[in-house]
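Just below is one structure, and these are the notes that go with it.
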Number of protein chains: 2
Amino acid sequence: MSTVLDENDTTAATTVTAPPQAAGLRDGAFGNARALACRECGHEVGLGPSYACPECFGPLEVAYDYPAVTREEIAAGPRNIWRYKALLPVPTDIEQSPNTEPGFTRLLDARNLARELGLEKLWVKDDSTNPTNSFKDRVVACALSAARELDAKVFACPSTGNLANAVAAAGARAGIPTVVFIPSNLEQPKQVNSAVFTERLVAVDGNYDDVNKLASEIAGEEEGWAFVNVNVRPFYAEGSKTLGYEIAEQLGWRLPDQIVIPVASGSQLTKVDKAFQELIRLGLVEDKPYRVFGAQATGCSPVSVAYKAETDAIRPVKPDTIAKSLAIGNPADGIYVLDICRRTGGAVEDISDDEVREAIVLLARTEGIFTETAGGTTVGVLKKLVETGQLDTSLETVVINTGHGLKTLDAVSDRVAPFATIAPSYDAFVAADVL
Amino acid sequence: MSTVLDENDTTAATTVTAPPQAAGLRDGAFGNARALACRECGHEVGLGPSYACPECFGPLEVAYDYPAVTREEIAAGPRNIWRYKALLPVPTDIEQSPNTEPGFTRLLDARNLARELGLEKLWVKDDSTNPTNSFKDRVVACALSAARELDAKVFACPSTGNLANAVAAAGARAGIPTVVFIPSNLEQPKQVNSAVFTERLVAVDGNYDDVNKLASEIAGEEEGWAFVNVNVRPFYAEGSKTLGYEIAEQLGWRLPDQIVIPVASGSQLTKVDKAFQELIRLGLVEDKPYRVFGAQATGCSPVSVAYKAETDAIRPVKPDTIAKSLAIGNPADGIYVLDICRRTGGAVEDISDDEVREAIVLLARTEGIFTETAGGTTVGVLKKLVETGQLDTSLETVVINTGHGLKTLDAVSDRVAPFATIAPSYDAFVAADVL
């Protein structure tokens with residue numbers, strides 16, 4: 001059974017026949033997905049390893065014949081992202097294929113942080129407890145499924161951090177040859193965190209842009225390579241929707257009033273909004289207004305700058321911030337972030353690296369969550385939104401933590417230190433006056 | 001309703017009246033717990049901040065008036081350790097008190113590792129995805145509840161690693177003043193991972209034994225300090241039972257045939273066995289034989305040495321191993337580990353530091369899990385148990401991963417490295433012959 005949704009939504013099901021999917025695919029390879037639809041012109045192409053519209057070069061996004069799905073069916077599913085498989089481009093037997101089983105991470109009632117910021121109700125969605133400690137495990141799991149269904153012989157990505165970890169781990173568990181490309185000057189601890197999973201870590205003498213360009217070249221030249229963030233990107237990106245589904249389910253099938261989301265390419269924010277829209281349209285949550293806020297670090301804030309200038313023209317920047325996992329100077333989905341934040345009455349805001357560091361410590365000291373610089377950016381922007389009156393403190397708010405502080409220790413290592421160093425005696429302890 | 005269990009089990013409910021609990025406690029402060037019972041002589045004392053038997057100085061353990069509890073009641077509970085609250089020394093409203101909400105971590109069907117080792121069926125219970133990335137979040141959550149019910153004014157521990165992280169994070173979230181004592185020569189990254197959560201990290205000029213001794217002294221001198229692993233240890237230790245409950249529930253309410261567990265103090269192994277026994281006696285799983293295996297690193301293997309010498313006399317050692325989180329030279333529960341492994345037909349085995357390092361990479365490359373040295377020890381011992389024929393490869397086996405490799409990066413940093421370093425060109429990529 002399919003549901004016909006809003007005509008203006010190019011990702012929604014329509015009544016026209018779906019274009020033929022790539023040759024050799026099994027039935028149901030992509031679940032209820034029906035086509036790849038261009039976000040710009042609506043043109044549809046068959047399900048396969050495509051990512052740009054052949055008509056207008058706009059980005060392709062997965063469109064569905066939405067099924068009837070109930071809260072009970074979802075609740076009866078596995079305790080990971082596959083409970084939402086009916087709304088993802090994956091086969092119905094997805095949980096049988098070895099994968100890292102990400103998702104269904106904690107949604108914490110953040111009473112201390114709420115009190116500190118003056119908010120009535122605040123939740124932290126904590127993706128630092130995913131298998132490789134970032135939200136990337138969600139998107140990579142969906143990309144892995146696509147790679148498998150497309151019979152890819154190699155699973156790959158260019159990355160400097162979280163994505164490399166997630167791809168290397170997922171590839172190992174799936175038993176598919178996995179190649180991860182990194183800049184050769186990447187710090188050794190970060191290399192170890194990927195090299196431990198794959199013997200095919202390739203260091204490239206160049207910066208991240210060079211690595212990225214090489215990956216696109218390989219994706220174009222070689223047969224059978226699935227680059228998660230290049231030629232299977234439409235499938236990959238859908239994984240971020242599960243953040244939105246989980247938040248709604250964990251709130252008791254309810255949308256929050258306000259949500260603050262980090263913006264790198266902008267994909268995560270647009271997918272959380274897509275998830276909320278899907279839930280409303282499928283009747284899984286009540287339709288209600290919600291405001292979406294985007295968070296950037298000032299050193300890489302092209303979307304925030306455009307938002308404040310009230311323009312749609314996003315000017316690419318050369319990133320200069322400690323929030324490396326958000327440092328995308330030319331964000332592919334930036335324009336959609338602007339659309340969503342404006343449409344919902346939200347905003348895009350940015351903060352300095354010092355404020356990022358401060359927010360990391362604030363979140364740790366109030367809620368016992370050690371976030372990386374991206375999460376510091378998001379929590380710090382939440383603070384700034386409250387201070388500048390852009391966020392309504394009486395409304396229920398969710399903030400997303402996308403990664404783990406153990407990966408960016410340097411960001412706070414000069415800010416936190418022992419309170420005192422004492423001799424190993426009770427007298428020395430008393431003299432230190434710890435409390 | 002209470003169930004009368006095996007008379008030989010001093011932790012079981014009996015028909016005698018429970019001793020009075022500490023003054024000032026609210027009703028149900030410790031749930032269905034009835035007393036603290038000595039593991040050696042069976043003497044019972046009231047529930048309170050006690051840890052040694054006043055009669056014989058044996059260790060005290062929580063005893064219960066076991067309730068009738070059904071699989072359905074458990075399944076309807078929260079997706080964390082509190083789903084088992086009826087079997088823990090915590091109040092029935094425990095999930096309302098801010099805590100890190102640990103547990104219900106992944107149980108992964110480890111097909112690749114099973115194939116590699118020649119096992120028919122193997123599962124990895126992965127506690128590296130707990131809130132602070134180790135199983136310690138489980139025990140600390142139970143200790144925190146006890147501290148709260150005992151109206152402690154300070155939450156504290158001596159530790160060099162995982163325990164410090166877990167205590168500092170849980171204390172922050174609970175909003176209770178938290179003091180963590182560490183040796184002053186601890187590596188800075190490890191200091192950061194606790195200092196980020198608490199401003200009361202105290203460095204002590206001395207080794208871990210000095211820090212530990214100081215903690216015991218403070219626990220004795222000061223009023224209202226709850227040292228998780230000293231004066232509230234009986235409550236703390238019960239948290240490890242949840243590993244056993246979860247494994248059984250995640251297997252579909254079934255016990256595994258064999259389980260391999262790391263041994264530091266030995267507490268975790270004894271508590272997993274206690275959990276299995278409880279589940280059998282409460283009718284939640286079918287009674288069946290299971291074998292428990294203990295894993296140590298050769299550089300700190302007093303229990304393994306005693307096991308192999310077929311003696312009960314565990315001779316303390318001075319630890320010398322990279323598996324720091326297992327480096328307890330005089331394990332308090334070592335004797336009980338011997339009892340359990342012998343009773344169930346298991347064994348205790350140990351491996352070299354080189355084998356630990358090898359096993360970390362093996363687990364990462366086969367299952368996409370990056371474990372710390374303790375997990376490397378456990379997986380490496382599993383491998384050795386298979387190779388030496390001590391483990392039956394036809395039986396269903398579970399291995400526990402207790403912590404995260406990001407905390408012990410040095411262990412493998414000289415073992416894993418990029419496959420190649422290339423120029424940023426397609427030709428260079430082709431020449432590197434990656435596949």
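In what follows, chains carry the letters A, B, and so on, assigned in the order in which the sequence lines appear, proteins first and then strands, with residues in each chain numbered from 1.
If you measure heavy-atom distances from A/Glu367 to chain B, the contacts under 4.5 Å come from both the backbone and the side chain. Contact of A/Phe429 with chain B is made through the side chain alone, with heavy-atom distances under 4.5 Å. Using a 4.5 Å cut-off between heavy atoms, A/Asn212 does not touch chain B at all. For chain A, the nearby parts of B/Ser413 are the backbone and the side chain; heavy atoms of each come within less than 4.5 Å. Contact annotation for B/Pro189: both backbone and side-chain heavy atoms come within less than 4.5 Å of a heavy atom of chain A. Residue B/Ser184 touches chain A through its side chain alone, counting heavy-atom pairs closer than 4.5 Å. A/Leu214 touches chain B through its side chain: at least one heavy atom from C-beta onward sits under 4.5 Å away, while N, CA, C and O do not. Of the atoms belonging to A/Ala170, not a single heavy atom falls under 4.5 Å from chain B. Of the atoms belonging to B/Asn165, not a single heavy atom falls under 4.5 Å from chain A. The part of B/Ser425 that comes within reach of chain A is its backbone (N, CA, C, O), which places non-hydrogen atoms under 4.5 angstrom from that chain.
Counted within 6.0 Å of NZ on B/Lys121, heavy atoms from surrounding residues, nucleotides or ligands total more than 12; the atom is thus considered enclosed.
Scanning all heavy atoms of the two residues, the minimum distance from B/Ala364 to A/Ala172 falls at O-CB, 3.4 Å.
Ion pair B/Arg106/A/Glu101 not flagged as a salt bridge, since none of the NZ, NE, NH1 or NH2 atoms sits closer than 4.0 Å to an Asp/Glu carboxylate oxygen.
Side-chain atoms of A/Asp205 never come within 3.5 Å of backbone atoms of B/Pro424 as a donor-acceptor pair (strictly under, hydrogens ignored). For B/Arg200 (side chain) and A/Val434 (main-chain N/O), a donor-acceptor pair under 3.5 Å exists by modelled atom type.
With chain B as partner, the option from A/Lys407, A/Arg365, A/Glu221 having the largest number of non-hydrogen pairs under 4.5 angstrom is A/Arg365.
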